[in-house]
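What follows is one structure encoded as structure tokens, with my remarks underneath.
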Amino acid sequence: MIVIKGGTLVDGQRTVQADVRIDQGKIQAIGLDLEADQVIDATGQVVMPAFVDLHAHFRDPGLTYKEDLATGAQAALKGGYGTVVLMANTKPTVDHNEVYQDIVDRAEALDLIQIYQNYAVSKGLKGEEWVDLDHLPASVKFLSDDGFGLQNNKATFQLFERIKKLGKGLMIHEEDRELSEIDYRYAEDVHTMRDVYFSGKTGARVHFCHVSTIDACKAVEYGKAQGYPVTMEVTPHHLYLSGLDYKVHPPIREEADRRYLVEALICGAVDCVATDHAPHSEEDKLKGSPGMIGLETAFQVVYKVLVEEYGQDLQLVSRVMSQRPAEILEVNKGRIEVGYDADLVLVDLAQSETIQPNTIRSKSKNTPMMGETFKGVVTTTVVNGEVKYRREVNEY
Ligand code: NCD
Ligand code: ZN
């Protein structure tokens with residue numbers, strides 16, 4: 001029995017000065033003067049549910065010079081994440097059961113964070129032939145062709161009908177690739193509107209990845225107002241950056257988009273923050289690979305925008321980084337309540353950190369935040385009741 005003592009507990013619902021006892025992987029008691037075998041001192045720190053990321057790329061198998069399951073998990077832990085959902089654009093693609101099972105088995109053996117692997121929608125993410133939808137592993141929650149999107153309207157509509165019958169969900173990277181040759185904004189907006197509409201017509205469960213424009217966000221809001229089974233995420237970089245020329249899909253947008261997304265997150269229209277952690281080597285970035293890493297800076301960036309810039313409280317941060325993503329994934333996480341999984345993070349808000357290559361645990365260092373200083377440092381990450389990360393004093 002571990003007791004985390006002396007901290008301020010913050011989740012999406014409340015802020016309270018109390019200790020929390022964890023036993024056999026679960027939150028077992030919340031209160032004061034709890035008996036313990038082992039104490040973790042959280043004096044002066046905030047204790048939150050570990051963060052849940054619905055969107056990351058660990059590049060394993062096949063592209064492990066960029067990242068692998070172990071380095072990705074280490075980056076996640078340093079950022080305070082206990083659960084990460086991985087996209088299927090590996091090599092080979094996660095479009096058949098052997099590669100899916102291999103990742104799931106290796107992630108479990110690694111025993112660092114909880115990993116959920118998405119299954120591809122189409123073979124090789126080519127959008128031509130669907131994966132074997134009738135024989136998907138039962139543990140698959142979401143399918144996604146992230147990186148590419150779904151191009152053909154008729155095929156997409158038929159896919160939604162099948163997904164509805166299967167009872168799985170789709171996570172969609174919205175991009176009409178014909179239109180992206182003209183304007184990336186039209187590309188995202190048009191396909192988002194299409195898929196909100198298709199979700200309404202078919203009842204298919206759709207989660208919209210990295211929503212980045214005013215109109216795409218409004219389209220999903222419309223779907224929600226109609227009662228369609230749609231949810232959406234925004235990335236820390238689209239909440240924080242605007243007008244910057246750093247290659248990422250979807251692109252960094254205008255200041256008006258950024259503001260709209262932040263306000264939509266505050267009012268609950270946007271469900272959650274997801275990193276779209278997309279590691280690339282220096283050479284690949286020079287050749288034009290889109291994306292940036294995000295797991296290690298997500299909390300700091302979100303804190304800076306929501307709390308420092310917009311004056312919101314940490315409960316909102318917790319809702320959008322833990323509670324809502326856990327609800328979308330339908331896992332027993334993201335809250336500090338008795339019976340929930342003991343996935344917790346300790347954050348010291350009095351400390352700050354300057355992002356430097358030697359502070360980054362990811363194999364890749366591609367981030368435009370390099371050199372910036374952020375407030376809030378994750379000192380401890382607990383997953384499944386076990387301490388998986390402790391920041392050493394003077395570690396960096
Ligand atoms: C992602 C990647 O690198 O896998 N890149 C990105 O810019 N977000 C895939 C993608 O969503 O395009
Ligand atoms: Zn994407």
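Whatever order the structure lists them in is the order used to number ligands and atoms, beginning at 1.
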List ligand 1 atoms under 4.0 Å from [X], heavy atoms only on the residue side.
X	value
His280	3 (O)
Val248	7 (O)
His173	10 (C), 11 (O), 12 (O)
His210	11 (O)

> Which other residues end up in the same hydrophobic cluster as Ile214, if Ile, Leu, Val, Met, Phe, Trp and Tyr are linked when side-chain heavy atoms come under 4.5 Å apart?
Replying inline: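 Grouped by the 4.5 Å side-chain rule, Tyr260 form the rest of the cluster around Ile214.
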Who's closest to [atom] heavy-atom-wise, of [options]?
atom	options	value
atom 1 (C) of ligand 1	Lys66, His55, His57	His57
atom 8 (N) of ligand 1	Asn89, Asp145, Asp276	Asp276
atom 10 (C) of ligand 1	Gly291, Pro290, Gly147, Ala278	Gly147

> How does Met87 reach ligand 1, by side chain, by backbone, by both or by neither, if only non-hydrogen atoms under 4.0 Å count?
Replying inline: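 Within the 4.0 Å criterion, Met87 makes no contact with ligand 1.
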> Quick one: does ligand 1 sit under 4.0 Å from the side chain of Arg59, the backbone, both or neither, non-hydrogen atoms only?
Replying inline: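 The answer is the side chain of Arg59.
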>> Would you call the rings of His210 and His173 parallel, tilted or perpendicular, taking 30° and 60° as the class edges?
In response: perpendicular
> Would you call the rings of Phe58 and His277 parallel, tilted or perpendicular if under 30° counts as parallel and over 60° as perpendicular?
Replying inline: perpendicular
> Would Arg391 and Asp348 count as a salt bridge (charged side-chain N to carboxylate O under 4.0 Å, His left out) if you check the C-alpha gap in whole Å, the side-chain angles of each, and the deciding distance to 0.1 Å?
Replying inline: CA-CA 11 Å; Arg391 189 184 174 95; Asp348 187 346; over 6 Å; no
Shortest non-hydrogen contact from [X] toward [Y]:
X	Y	value
Asp145	Val121	OD1-N, 2.8 Å
Val262	Leu239	CG2-O, 3.7 Å
Ile22	Ala342	CG2-CB, 3.5 Å
Asp341	Lys333	OD2-NZ, 2.9 Å
Cys217	Val270	SG-CG2, 3.8 Å

> List-wise, which protein N, O or S atoms are found short of 2.8 Å from the Zn ion (ligand 2)?
Replying inline: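 Listed by chain and number: Asp146 OD1, His173 ND1, His210 NE2.
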> What residue and atom, counting heavy atoms only, is the protein's closest point to atom 7 (O) of ligand 1, and at what distance?
Replying inline: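 Protein heavy atom with the smallest distance to atom 7 (O) of ligand 1: His249 N, 2.9 Å.
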> Do other residues, nucleotides or ligands put more than 12 heavy atoms under 6.0 Å from Lys164 NZ?
Replying inline: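 At most 12 heavy atoms, drawn from other residues, nucleotides or ligands, come within 6.0 Å of this atom.
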> Between Phe374 and Tyr303, is a ring-ring contact (aromatic ring centres under 6.0 Å, His included) present by the stated rule, with each step listed?
Replying inline: CA-CA 9 Å; Phe374 293 96; Tyr303 183 86; over 10 Å; no
